[in-house]
Amino acid sequence: MKAAAFNYARAASVSDALELLQAHGERAKVLAGGQSLMPAMNLRLISPELVVDISELAELRGIAVSGDVLRIGALTRHVDLARSPEIFRHAALLGEAVTHVAHPAIRNRGTLGGSLAQGDPASELPACMLALRATIVVRGRAGERRIEAEDFFTGIYQTALGAEELLIAVELPLASKGSVHFFQEFARRHGDYAITGLAAQAVVETGSFADLRLAFFAVGDRPLLAKAAAKLTGVAVTEAVLADACSTLSDELDPHDDQQATASMRRHLANVLLKRCVAALMDHPDFAPERPA
Ligand code: FAD
């Protein structure tokens, strides 16, 4: 199938793009890497009257430390995240997670901003934003808004982004001492969308987690920052503590049935991931420094 006829405009600047979006509202769609937009148009799931191509806007690209945050431009491609020394240093979770997104050809074109704006609950990068305490920077004709990642994803393919706004960048706090991460997903093949996944970021100190953020994905209509993390924070993690955290997690998950897995299978897999995550993070030398190498 081919897309329905549409008009095309290549934006010359961010303000040019915003003018076009304001003039056309819901009838326009932004084109970044095109890896989600074009398949959806070709399947005629959406048929915008105007496609606003922002892919040439250099001002939306790049990864840089600015003060106490790591700022990543919306047009930064998946492949750039995987290769960046700044990501490796300050947001290693993101660098690892992005290698699970699709395949090289798609990672060469797909962008961070596109993945977040798409709001797919089975996507890896939105969950990383929750785990990493990201702030999403969006801009409209009236100015900029800064939205906490937890408030950005509002439902299946739904976000807090308005039709006349552009996602400009993402800001992440720099990694602090003792920062560790965990990423795993269950998928039919490497590169497929996850059946269930977990992106976790923690700060460890001797014998406990000073901070723990567990962001599950493909377990509901949006990525979920699990309250179960509170059960594991600031305490000695015994088997009983872990069992209590697993039970809290099961209660707070509201997974769906689909052709890939039942809700109960997803709940089970999320618990498996939680146990693997805790075991892996507790194995970190900063968690148990007295252990012989
Ligand atoms: P586009 O396709 O250009 O845009 C996606 C949506 O976001 C559109 O609605 C567009 O209007 C909007 N948009 C884009 N940029 C902005 C912006 N700056 N401001 C406002 N709105 C914007 N993704 C995964 O997470 N995990 C996977 O395993 C995975 N597997 C895939 C497998 C295949 C075969 C394919 C084709 C895609 C897969 N994807 C997967 C999707 C891929 O990661 C996309 O690149 C990504 O979801 C969208 O990025 P994009 O730059 O291509 O955005």
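Indexing begins at 1, ligand by ligand and atom by atom, following the structure's order.
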inquiry  = Under a 3.5 Å cutoff, is there a donor and acceptor pairing between the side chains of Arg141 and Gln22?
reply    = yes
query = Do the side-chain N and O atoms of Asn271 and Ser250 include a donor-acceptor pair separated by under 3.5 angstrom?
reply = yes
Determine all donor-acceptor pairs shorter than 3.5 Å in which one atom belongs to a side chain in residues 179-188; sequence neighbours excluded.
{"unit_1": "Ser179", "atom_1": "OG", "unit_2": "Ser176", "atom_2": "N", "d": "3.1"}
{"unit_1": "Ser179", "atom_1": "OG", "unit_2": "Ser176", "atom_2": "O", "d": "2.7"}
{"unit_1": "His181", "atom_1": "NE2", "unit_2": "Glu96", "atom_2": "OE1", "d": "2.8"}
{"unit_1": "Gln184", "atom_1": "OE1", "unit_2": "Arg276", "atom_2": "NH1", "d": "2.8"}
{"unit_1": "Arg188", "atom_1": "NH2", "unit_2": "Gln260", "atom_2": "O", "d": "3.2"}

Check ligand 1 against [X] and write out every atom of the ligand that is under 4.0 Å from a heavy-atom position of the residue.
X: Ile54; result: 18 (N)
X: Lys29; result: 9 (O), 11 (O)
X: Ile106; result: 32 (C), 33 (C), 34 (C), 35 (C), 36 (C), 37 (C), 42 (C)
X: Leu161; result: 20 (C), 21 (N)
X: Leu167; result: 17 (C), 18 (N), 19 (N), 20 (C)
X: Gly34; result: 1 (P), 2 (O), 3 (O), 50 (P), 52 (O), 53 (O)
X: Asp192; result: 28 (O)
X: His78; result: 43 (O), 45 (O)

message = Working note: Leu214 + Leu212, criterion side-chain contact (heavy atoms from CB on, under 4.5 Å); need CA distance, chi angles, decisive distance, verdict.
response = CA-CA 6 Å; Leu214 303 168; Leu212 178 61; 3.9 Å; yes
key: Closest approach of Gly178 to Asp286 (non-hydrogen atoms, all atoms of both residues)   = CA-OD2, 3.8 Å
Which bit of [X] gets closer than 4.0 Å to ligand 1, counting heavy atoms only: side chain, backbone, both or neither?
X: Ile168; value: neither
X: His103; value: neither
X: Val138; value: neither

message = For a side-chain contact (heavy atoms from CB on, under 4.5 Å) check, start with the C-alpha distance between Val203 and Phe209, then their side-chain angles and the critical distance, and finish with the verdict.
response = CA-CA 6 Å; Val203 177; Phe209 296 112; over 6 Å; no
Which residue supplies the protein heavy atom nearest to [atom], what is that atom called, and how far is it?
atom: atom 25 (O) of ligand 1; value: Ser123 OG, 2.7 Å
atom: atom 52 (O) of ligand 1; value: Gln35 N, 2.7 Å
atom: atom 6 (C) of ligand 1; value: Gln118 OE1, 3.2 Å
atom: atom 21 (N) of ligand 1; value: Ala117 CB, 3.6 Å
atom: atom 26 (N) of ligand 1; value: Glu124 OE1, 2.8 Å
atom: atom 41 (C) of ligand 1; value: Tyr193 OH, 3.3 Å
atom: atom 47 (O) of ligand 1; value: Ser36 OG, 2.9 Å
atom: atom 31 (C) of ligand 1; value: Ala102 CB, 3.4 Å

Backbone of [Y] reached by a side-chain donor or acceptor of [X] within 3.5 Å:
X: Asp258; Y: Ala261; answer: yes
X: Ser123; Y: Pro126; answer: no
X: Thr111; Y: Arg77; answer: no
X: Ser47; Y: Arg44; answer: no

note = Nearest heavy atom to atom 45 (O) of ligand 1, choosing from Ser115, Gly114, Gly110, belongs to Gly110
ask   = Taking only residues two or more places apart in sequence, or in another chain, which ones meet Glu144 in a salt bridge (charged side-chain N to carboxylate O under 4.0 Å, His left out)?
value =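 Glu144 satisfies salt bridge (charged side-chain N to carboxylate O under 4.0 Å, His left out) with Arg139 once adjacent residues are dropped.
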task = Report yes if some N/O of Leu166 lies less than 3.5 Å from some N/O of ligand 1; otherwise report no.
result =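 For ligand 1, there is no N or O atom that lies under 3.5 Å from one belonging to Leu166.
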ask   = Any salt bridge between Arg133 and Glu150, counting N to O under 4.0 Å?
value = no
inquiry  = Whether Asp254 and Arg266 form a salt bridge (side-chain N of Lys/Arg under 4.0 Å from carboxylate O of Asp/Glu) is what I want to check.
reply    = no
